[in-house]
Amino acid sequence: MSILKDIIYKVAIDSIKGSTDIGIGKIDFDSRKIEKNDLFVAIRGTLSDGHDYIPKAIELGASSIICEILPNQLETGVTYIQVKDTNAALAVVAANYYGNPSQKLRLVGVTGTNGKTTIASLLYQLYKKAGYKVGLLSTVKILVDDVEFKATHTTPDSLTINRYLANMVETGVSYCFMEVSSHGIHQKRTDSLHFAGGIFTNLSHDHLDYHATFSEYRDVKKSFFDNLPKSAFVLSNIDDKNGAVVLQNTVAKKCTYALKSYADYKAQILESQLSGLLLKINGNEVWVKLIGTFNAYNLLAIYGTAIELGMESLEALRLLSELESVSGRFQYLVSTSNVTAIVDYAHTPDALDNVLKTINDIRTKNEQLITVVGCGGNRDKTKRPIMAGIASDLSDKAIFTSDNPRNEDAEVIISEMEAGVAPINFKRTLSIIDRKNAIKTACQLAQPNDIILIAGKGHETYQEINGVRHDFDDMKIVKELLEQLHK
């Protein structure tokens, strides 16, 4: 059993009521999970305030409480620790409780609008191929070496992160690669983690449903790099206009990567095909199985990270050439009738623009490009017309459909998308609410050699409608439909 005074070491405390020399069973911020001698942390959430559940936590046996506002009535035998920010306190106590596991392996965080999942997942793949035990904390899944767990958030809560990191340390993991979201940074979930490095991919329009302005979104991302230690490195995409901004105040070693600008890690695309890319990285040529300019950036970030972590250059290049694409990230199949279907997670304007431009750069223009795309409900509404405009500009046919409508009306979402279509492109667009029917229509319209892009959901195997998750896998559905329609 852990002792409270050890768990709260380095927490910024305003006041303490009661003894800290008591044993603690476990820590939780969900009052329903509290048991005898547990520590309850009262977190202010978007839907509820943990302070309202302090009496319930005590009733269930909590022996200590961390809160921002002390209850009017203090219970005898319960220790109350008052702090200014319970999110920040949770990060510290979680790390202490699990023995600060991030200090016992090399943890690298990846942040930015696009590319986080691909970079983190491919770094995991690369280090596995190099013979290491490796961990992954990503949107798609959590991996403790070879054991897989389901992911629920891009960046889990502090307790979950530290629990998995402790599991990794016990398993003998040497390296862990982690997606770091703006929500996670803002809610202090990554506080008290010791990072060996941080990667900045790019910054574009996203999450303005959560962050009030783009500058606030940028500054939250930047704060991750501001807080890295001197012993860490920052690897920043200097081709992005915010690439220099994230380097401004960090004390970590500053490294850059780019395709267009002068940088520490520089690449040129010598050949681009549907089968892969021929890249020249810092003077060495390497053929990779991934596709498109955006993947050239991702691979360059992976190469730079491997070098900064001490890998020999030729070994890193050899391993790059063996990497396979990540589920739902430019994942494609070619049907028996020679129709190419591509499934991609592109759910931001910038990501959709990148994917469509990549396809247009590779294709001959003698075939049709048919794009199926939707926008998520209960998310940033301002990107809906922008994404529809991009899809109709860069495709021969754009079909607007449902993504995850969540608690919004799918018809309303689609009508907000349609507002972004230029009059000249009206004839190129269709609106079909049912996503399966939209994909079926794309398959029916496709002729041999045509390309279908299904964007927005990528790796997801569900569709969320009115709070219910229904089984839905874009890749599985398009594969079945193409087999049925093109026998």
Side-chain angles (χ1 to χ4, degrees), residues 1-103 153 155-163 165-166 180-195 210 219-220 223-224 226-229:
M1 187 176 275
S2 302
I3 305 300
L4 181 59
K5 65 183 177 185
D6 297 329
I7 292 173
I8 61 172
Y9 176 63
K10 289 190 175 179
V11 172
I13 296 170
D14 285 352
S15 69
I16 297 175
K17 309 288 183 189
S19 172
T20 59
D21 200 17
I22 57 172
I24 296 297
K26 68 176 190 309
I27 305 165
D28 219 308
F29 54 86
D30 184 339
S31 60
R32 295 166 297 185
K33 296 177 182 175
I34 291 295
E35 297 173 327
K36 189 172 169 53
N37 295 323
D38 285 354
L39 166 61
F40 175 65
V41 185
I43 301 290
R44 295 182 191 277
T46 49
L47 299 175
S48 64
D49 185 347
H51 290 76
D52 297 337
Y53 299 96
I54 291 174
K56 179 68 177 173
I58 293 170
E59 187 185 314
L60 290 170
S63 61
S64 47
I65 307 290
I66 294 181
C67 55
E68 293 172 10
I69 299 169
L70 291 171
N72 293 328
Q73 186 178 335
L74 303 185
E75 298 292 335
T76 307
V78 175
T79 302
Y80 296 86
I81 299 152
Q82 188 178 15
V83 298
K84 285 190 173 61
D85 186 338
T86 48
N87 278 305
L90 179 64
V92 177
V93 297
N96 287 338
Y97 181 80
Y98 285 104
N100 292 289
S102 62
Q103 295 178 12
H153 294 79
T155 307
D157 64 80
S158 303
L159 282 167
T160 304
I161 293 169
N162 280 282
R163 185 172 73 249
L165 289 174
V180 177
S181 69
S182 58
H183 293 66
I185 300 165
H186 189 253
Q187 293 169 13
K188 312 288 174 69
R189 296 180 208 164
T190 54
D191 282 20
S192 289
L193 295 179
H194 180 82
F195 285 93
Y210 181 86
D219 291 347
V220 167
S223 69
F224 170 69
D226 293 349
N227 293 320
L228 289 177

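Numbers here are sequence positions counted from 1.
Taking CD from Q103 and CG from L193, the interatomic distance works out to 10.0 Å, rounded to the nearest 0.5 Å. Note that OG1 of T86 and CZ of F40 are 9.0 Å apart. Values are rounded to the nearest 0.5 Å. Annotation: the span from I13 atom CD1 to I8 atom CD1 amounts to 4.0 Å, rounded to 0.5 Å. Interatomic distance, N162 CG to S102 OG, rounded to the nearest 0.5 Å: 6.5 Å. Note that the CG atom of D14 and the CD atom of Q82 stand 5.5 Å from one another [nearest 0.5 Å]. In this structure, Q73 CD and T76 OG1 are separated by 8.5 Å, a value rounded to the nearest 0.5 Å.
Nearest heavy-atom pair across S19 and D21 is OG-N, 3.0 Å. Contact between V11 and A89 at its shortest, heavy atoms only, is CG1-CB, 3.9 Å. In terms of heavy atoms, S15 sits closest to L70 at OG-CD1, 4.2 Å. Between I27 and L159, the closest heavy-atom pair is O-CD1, 3.6 Å. Across S2 and I7, no two heavy atoms sit closer than the pair CB-CD1, 3.6 Å. Minimum heavy-atom separation, S192 to A95: O-CB, 3.9 Å.
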Discussion item. If you apply the rule side-chain contact (heavy atoms from CB on, under 4.5 Å), what do you find for D191 with V92, and how did you get there?
Written reply: CA-CA 7 Å; D191 282 20; V92 177; 6.0 Å; no
Item to complete: Show the numbers, then the answer: is there a side-chain contact (heavy atoms from CB on, under 4.5 Å) between R32 and Y53?
Response: CA-CA 9 Å; R32 295 166 297 185; Y53 299 96; over 6 Å; no
Worksheet item: What do the steps show when you test T190 against F195 for side-chain contact (heavy atoms from CB on, under 4.5 Å), and what is the final call?
Response: CA-CA 9 Å; T190 54; F195 285 93; 4.2 Å; yes
Item to complete: List the steps, then state whether side-chain contact (heavy atoms from CB on, under 4.5 Å) holds for N96 with D6.
Response: CA-CA 7 Å; N96 287 338; D6 297 329; over 6 Å; no
Worksheet item: Going through the checks in order, is the salt bridge (Lys or Arg N to Asp or Glu O under 4.0 Å) test met by K26 and D38?
Response: CA-CA 5 Å; K26 68 176 190 309; D38 285 354; 2.5 Å; yes
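Of the residues listed (N87, D52, I69), the one engaging R44 in a side chain to side chain contact (heavy atoms under 4.5 Å, CB included) is I69, and it is the only one. Checking each of I34, L39, L90 against F29 for a side chain to side chain contact (heavy atoms under 4.5 Å, CB included) leaves exactly one that passes, namely L90.
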Output a table of donor-acceptor pairs, distance under 3.5 Å, between side-chain atoms of residues 56-67 and any protein atom two or more places apart or on a different chain; print 'none' if there are none.
residue	atom	partner	partner atom	Å
S63	OG	N37	O	3.4

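The residues D157 and R189 are annotated as not salt-bridged, no charged nitrogen and carboxylate oxygen being separated by less than 4.0 angstrom.
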